[in-house]
Number of protein chains: 2
Amino acid sequence: MRNSDATKAKLLDAARDVIRTKGYAAATVDDICAEAGVSKGSFFHHFASKEQLGIGAIAAFNQMAATVFSTAPYAAEHDPRDRVLGYVDFRASLLAMAIPEFTCLLGTTVQEIYTTHPDLRIACDEGMSAHVAGLTRDLDAAKKIYAPDADWSPESIGYFMQSVLQGAFIFAKAKQSAAVAEDSLSHLRRYLEMLLPKT
Amino acid sequence: MRNSDATKAKLLDAARDVIRTKGYAAATVDDICAEAGVSKGSFFHHFASKEQLGIGAIAAFNQMAATVFSTAPYAAEHDPRDRVLGYVDFRASLLAMAIPEFTCLLGTTVQEIYTTHPDLRIACDEGMSAHVAGLTRDLDAAKKIYAPDADWSPESIGYFMQSVLQGAFIFAKAKQSAAVAEDSLSHLRRYLEMLLPKT
DNA sequence: AGTAACATACCAACCAGTCGGTATTCATGC
DNA sequence: GCATGAATACCGACTGGTTGGTATGTTACT
């Protein structure tokens, strides 16, 4: 028909952008339709409800993130330690963008809806955990080489890294500046260097 | 008159609780009135708008936090390093409560409204920064003793600590469990111990 | 012709905020 | 001690605009 996939993608992108700037609850269906340049009738033809769009936007965001981080230069490093530190540096480099562009759709959403929209909450949880799982693989490999006997688990570091990032985003929003977030990522990097000593 | 301060406090407490569970945008004035057991007419007698209530709730939350953390046992330690680590341990102990009870009102709010409600955003920024300033004092004193020549700034550590906490709250919400948050605080503690070596 | 894609007008529920009124308190004068 | 009046506290029905969602199409492709 006309172009189903394209309009759906436009709605998904618009949802991502509007939710990241206004939050999930304040992002109205009309807002998102206007941003996407699509009529409301078309919206409800493609999505059964606002919540379903949210779930779709989260899935699309996960996919986008997966390709961005798997194709970034750091991901090609041979040493898993370099990949871990490269991840942090890469995320720091993203902070040069506008706040709604480097901010995490899932982290923003889950804060608001964790008691009111169970399906959305699960989608956020699974998406964030999948991202952590990717980090955990590199952390596990790096630990085997650089800190085989250390008493920390790679997975807990993966979550720790994400916590620092999510918290840094909150301060970036509060301060309308990514400067604090940059400093926090520097501390995160220093900690990882300490946990994975080079020699 | 009847009991102005008490109703105001009830509304402030209700706002804190409802916003922490549903988010700012989804928390309706009727919700908050119901939770407080106060009529809508009374609400708008005490607060000019929902946003003003939000600002009031943030101020009340700041005050509550200030007394909680200044009267907690760890705050009486002589060694500033013990106060810093004691702060982390104290926050970890709070994770035993229900999620909406240990979660940060300001962090939750600022995520949603940072582009739409400037006054609320500033209130969140100032409140969080004031809390960081308290940490920074102890960090500064501890650094002078244990790491006088280190190249990190006490303030940046204060923000880092808060970022870890805020991020940990997000994962607690996503996972409906504080277990991940606990692990992240352990990592934070380990990092601080490394930055402030005992001998 | 049939069906998927898109559009517009519309709806009931809900929203923040208003309004007219009542109840309670307190200061003043006697 | 008590009437009086002003001010504050409180109430709940109401309002105008907004919300997610629907009903009823029209357009375009197969």
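These numbers come from the heavy atoms of this one structure, side chains and all, not from hydrogens, waters or symmetry mates. Note that the coordinates shown come from a computational prediction; the quantities given were computed from them, not determined experimentally. To find a chain, count down the sequence lines: A is the first, B the second, and so on, and within it residues start at 1.
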[X] [atom1] - [N] [atom2] separation (whole Å):
{"X": "D30(B)", "N": "dT18(C)", "atom1": "CG", "atom2": "P", "result": "14 Å"}
{"X": "I32(B)", "N": "dC14(C)", "atom1": "CD1", "atom2": "P", "result": "17 Å"}
{"X": "I113(A)", "N": "dG20(D)", "atom1": "CD1", "atom2": "P", "result": "16 Å"}
{"X": "I19(A)", "N": "dG20(D)", "atom1": "CD1", "atom2": "P", "result": "11 Å"}

The criterion is salt bridge (charged side-chain N to carboxylate O under 4.0 Å, His left out); which residues satisfy it with D183(B), sequence neighbours excluded?
none

Which residues share a salt bridge (charged side-chain N to carboxylate O under 4.0 Å, His left out) with D82(B), sequence neighbours left out:
none

Any side-chain donor-acceptor pair under 3.5 Å between T21(A) and D17(A)?
no

With a sphere of 6.0 Å drawn around CD of Q63(B), does it hold more than 12 non-hydrogen atoms of other residues, nucleotides or ligands?
no

Tell me which residues in residues 41-61 of chain A put a heavy atom below 4.0 Å from DNA chain C, sorted by number, or none.
G41(A), S42(A), H45(A), H46(A)

What residues join I122(A) in its hydrophobic cluster, counting side-chain heavy atom gaps under 4.5 Å, either direct or through other members?
none

Does T7(A) place a side-chain N or O at less than 4.0 Å from the phosphate oxygens OP1/OP2 of dC6(C)?
yes

How long is the straight-line distance from CG of L165(B) back to CD of Q162(B), given to the nearest 0.5 Å?
5.0 Å

Toward the 5' end of DNA chain D, by each residue's nearest nucleotide, Y24(A) or K40(B):
K40(B)

If the condition is ring-ring contact (aromatic ring centres under 6.0 Å, His included), which residues does Y146(A) pass it with, not counting sequence neighbours?
none

Would you work out how much the helix from dA1(C)-dT30(D) to dC30(C)-dG1(D) bends between its ends, with each end axis defined by five base pairs, to 10 degrees?
10°

So, the side chain of S93(B) versus the backbone of F90(B): is there a donor-acceptor pair under 3.5 Å, distance only?
yes

